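Just so it is clear, the values below take in all heavy atoms, side chains as well, and ignore hydrogens, waters and symmetry mates. Just so it is clear, the structure is predicted and the values come from calculations on it, not from any experiment.
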Amino acid sequence: MTEATVSVSSHSSLTGIDPPDWDACACPEAAEGRPLDPFTTHRFLLALETSGSVGRGSGWEPHYLTAEIGGQIVACAPLYAKGHSQGEYVFDHAWAQAFERAGGNYYPKLQIAVPFTPATGRRFLTRPGFEGVGRAALIEAAVRIADQNDVSSLHATFCTADEAEAGAEMGLLHRTGQQFHWFDESYGDFEGFLASMSSRKRKSIRKERRAAQEAGLEFVHLTGDELQPHHWDAFWTFYQDTGARKWGTPYLTRQFFEEVQAHLKNDALLFLALDHGEPVAGALNFVGRDCLYGRYWGCTRDVPFLHFELCYYQAIDWALAHGLGRVEAGAQGEHKLARGYLPHPVHSLHWIADAGFRRAVEEFLTAERQAVDEEIEILTSYGPFRKTPDGDPE
């Protein structure tokens, strides 16, 4: 099959792409259950668009790509034109400052990503059997669009390791970073998980959980039809507070949570802490086939260790109870290490238009990859788990 047989188009709205066509590329496994990655589904990305979280005035302008062969969509990608670097979690602010100090315009740039979502997943979405040709067509088209529109750069963030390798072979720059993920090592339950830890860390976690639980709070888990509009009223208050403190302005609009209630409630899992029936804190998660993705949290009552309980320990409890092998608790946070979340590499791909700037970025990324690899190795060795006789974590 040759490149000439593939036609790539850009779309300013997902409403022009049939959901079954998009999802046949994004989550073909969902025909037999949950998608591996809920964030690249047509319904999730459309919720961002319909709610105004992306689109006019947001700095995220949609230009979704589809690749067709013989009139059939065989690949697609969530592409956005960006007027800033907010909501990405792969930080290129220093690149932007350096380029603009040298007299260039870093913005606009192009981004293949799920907005506001630092969760690893496929970014070049292909029907089964079209992985190679579809991914190549999307990468070539995205680079061509960037080049023809005189933008500074193209970025594909939180892509898979396989995509990073394939993109590097096509000439894109490969960047690595790290997050902290929890993995089920056949623990059975939370006590089994604690039994794998060193005595000091085990006691510390039990102390933290006890402090949160002795505050007199009730913890509830809500998903699907259990979720009701008043739950989103409470969570919006929590989200606004955290968003204002972290980013200045919350990324998601209030309407996004109405879209979740209408179209994504089976993908969503909301943990609430109740004080005599009144929500005082909440953590929003999304459920994949084998992973629980922690996304947002907030509170109106300051309780010691409540953040750890609601975002980390309740997530582990739920994952163990429902057979999920992994919890991704979002970007950054070395404090997660002591709570059983180990460092794990994450990947991104970058195309830089200016040759001189590209060489500088490439040199930086080479050094950064080595530093990240070393840091992951060191942090893993300092993890909270009991050591084997040779000094490695069990």
Quiz prompt | Heavy-atom closest contact (Leu320 atom, Phe190 atom, distance) | solution = CD1-N, 3.6 Å
Practice problem: Apply the salt bridge (charged side-chain N to carboxylate O under 4.0 Å, His left out) test between Glu208 and each candidate in Arg339, Lys203, Lys201; give the one that qualifies. | Solution: Arg339
Quiz item: Are Trp351 and Leu365 grouped together when hydrophobic residues (ILVMFWY) are joined by side-chain heavy atoms under 4.5 angstrom apart?
Solution: no
Quiz item: Honestly curious: do Val151 and Ile352 fall in one hydrophobic cluster under the side-chain, below-4.5 Å linking rule?
Solution: no
Quiz item: Parallel, tilted or perpendicular: which describes the rings of Phe235 and Trp232, with under 30° parallel and over 60° perpendicular?
Solution: perpendicular
Quiz prompt | 4.5 Å side-chain heavy-atom contact, Leu217 and Leu306 | solution = yes
Exercise. With sequence neighbours excluded, tell me which residues meet ring-ring contact (aromatic ring centres under 6.0 Å, His included) with His174.
Key: His347
Quiz item: Are Tyr187 and Phe193 close enough that their ring centres sit under 6.0 Å apart?
Solution: yes
Quiz item: Would you find more than 12 non-hydrogen atoms of other residues, nucleotides or ligands less than 6.0 Å from Tyr382 atom OH?
Solution: no
Exercise. For residues Leu65 and Ile145, determine if any side-chain heavy atom of one lies less than 4.5 Å from a side-chain heavy atom of the other.
Key: yes
Self-check item: Validation row, ring centre Phe183 to ring centre His344 under 6.0 Å
Solution: yes
Quiz item: With sequence neighbours excluded, what pairs up with Arg210 under the side chain to side chain donor-acceptor pair (under 3.5 Å) test?
Solution: none
Quiz item: Only one of Phe308, Tyr312, Tyr313 forms a ring-ring contact (aromatic ring centres under 6.0 Å, His included) with Tyr341, so which one is it?
Solution: Tyr312
Quiz item: Under the salt bridge (charged side-chain N to carboxylate O under 4.0 Å, His left out) rule, what pairs show up with a residue in residues 340-356, not counting sequence neighbours?
Solution: none
Review item, side-chain donor-acceptor pairs of residues 21-39, under 3.5 Å, at least two apart:
residue: Trp22; atom: NE1; partner: Thr40; partner atom: O; Å: 2.8
residue: Asp23; atom: OD1; partner: His42; partner atom: N; Å: 2.9
residue: Glu29; atom: OE2; partner: Leu36; partner atom: N; Å: 2.7
residue: Arg34; atom: NH1; partner: Asn266; partner atom: O; Å: 2.8
residue: Arg34; atom: NH2; partner: Asn266; partner atom: O; Å: 3.2
residue: Asp37; atom: OD1; partner: Phe39; partner atom: N; Å: 2.8

Quiz item: Would you call Leu222 and Leu272 a side-chain contact if the rule is heavy atoms closer than 4.5 Å?
Solution: yes
Quiz prompt | salt bridge (charged side-chain N to carboxylate O under 4.0 Å, His left out) contacts in which one or both residues fall within residues 252-266, not counting sequence neighbours | solution = Asp225-Lys265, Asp233-Arg254
Quiz prompt | Test of ring centre spacing under 6.0 Å for Phe257 and Tyr239 | solution = yes
Quiz prompt | Aromatic centroids of Tyr80 and Tyr64 separated by under 6.0 Å | solution = yes
Quiz item: Looking only at heavy atoms, what is the nearest atom pair of Pro115 and Leu45, with distance?
Solution: CD-CD2, 4.4 Å
Practice problem: Would you kindly confirm whether Met170 and Val143 end up in one hydrophobic cluster when ILVMFWY residues are joined by side chain heavy atoms under 4.5 Å apart? | Solution: yes
Quiz item: Any side-chain heavy atom of Leu274 sitting closer than 4.5 Å to one from Val280?
Solution: no
Exercise. Would you mind reporting whether Pro279 and Phe238 have side-chain heavy atoms less than 4.5 Å apart?
Key: yes
Self-check item: Chi angles and distances behind the side chain to side chain contact (heavy atoms under 4.5 Å, CB included) call for Leu349, Phe124
Solution: CA-CA 12 Å; Leu349 290 165; Phe124 306 101; 4.2 Å; yes
Quiz prompt | Partners meeting ring-ring contact (aromatic ring centres under 6.0 Å, His included) with Phe158 (sequence neighbours left out) | solution = none
Self-check item: Pair Leu194-Ile205, side chain to side chain contact (heavy atoms under 4.5 Å, CB included): steps then yes or no
Solution: CA-CA 8 Å; Leu194 288 181; Ile205 289 177; 3.8 Å; yes
Self-check item: Over 12 non-hydrogen atoms of neighbours within 6.0 angstrom of CD in Gln370
Solution: no
Self-check item: side chain to side chain contact (heavy atoms under 4.5 Å, CB included) between Arg202 and Ser198, intermediate numbers included
Solution: CA-CA 6 Å; Arg202 183 164 58 245; Ser198 68; over 6 Å; no
Exercise. Could you check Gln111 against Thr157 for side chain to side chain donor-acceptor pair (under 3.5 Å), going step by step and ending with a plain yes or no?
Key: CA-CA 8 Å; Gln111 194 90 14; Thr157 45; 3.3 Å; yes
Self-check item: Set of side chain to side chain donor-acceptor pair (under 3.5 Å) partners for Ser13, sequence neighbours left out
Solution: Thr15, Glu49
Practice problem: Say whether Gln314 and Trp318, considering side chains only, have a donor N or O and an acceptor N or O under 3.5 Å apart. | Solution: no
Exercise. Give every residue pair that meets the side-chain hydrogen bond (donor to acceptor under 3.5 Å, both in side chains) criterion with at least one member in residues 269-295, sequence neighbours excluded.
Key: Asp275-Arg301
Quiz item: Going through the distances and angles, do His181 and Gln179 end up as a side chain to side chain donor-acceptor pair (under 3.5 Å)?
Solution: CA-CA 6 Å; His181 299 171; Gln179 287 183 347; 2.8 Å; yes
Exercise. Can you run down the salt bridge (charged side-chain N to carboxylate O under 4.0 Å, His left out) pairs that involve residues 50-73, sequence neighbours left out, and say none if there aren't any?
Key: none
Quiz item: Between Phe116 and Trp60, does the ring centre distance come in under 6.0 Å?
Solution: yes
Self-check item: Side chain proximity check, His63 to Ser10, heavy atoms < 4.5 angstrom
Solution: yes
Self-check item: Aromatic ring proximity, centroids under 6.0 angstrom, Phe286 and Phe44
Solution: yes
Quiz item: Any chain of hydrophobic side-chain contacts (each under 4.5 Å) joining Val346 to Val90?
Solution: yes
Exercise. Look at atom CG of Asn105 and say whether more than 12 heavy atoms of other residues, nucleotides or ligands are closer to it than 6.0 Å.
Key: no
Practice problem: With side chain to side chain contact (heavy atoms under 4.5 Å, CB included) as the test, would you mind laying out the steps for Leu342 and Trp182 before giving the verdict? | Solution: CA-CA 6 Å; Leu342 292 179; Trp182 176 87; over 6 Å; no
Quiz item: Is Lys82 close to His84 at the side-chain level, that is, under 4.5 Å between some pair of heavy atoms?
Solution: yes
Quiz item: Can you list the residues that meet the side chain to side chain donor-acceptor pair (under 3.5 Å) rule with Gln228, with sequence neighbours excluded?
Solution: none
Exercise. Could you pull out all residues at least two apart from His350 that satisfy side chain to side chain donor-acceptor pair (under 3.5 Å)?
Key: His155, Ser348
Quiz prompt | Lys109: partners by salt bridge (charged side-chain N to carboxylate O under 4.0 Å, His left out), with sequence neighbours left out | solution = Glu88, Asp92
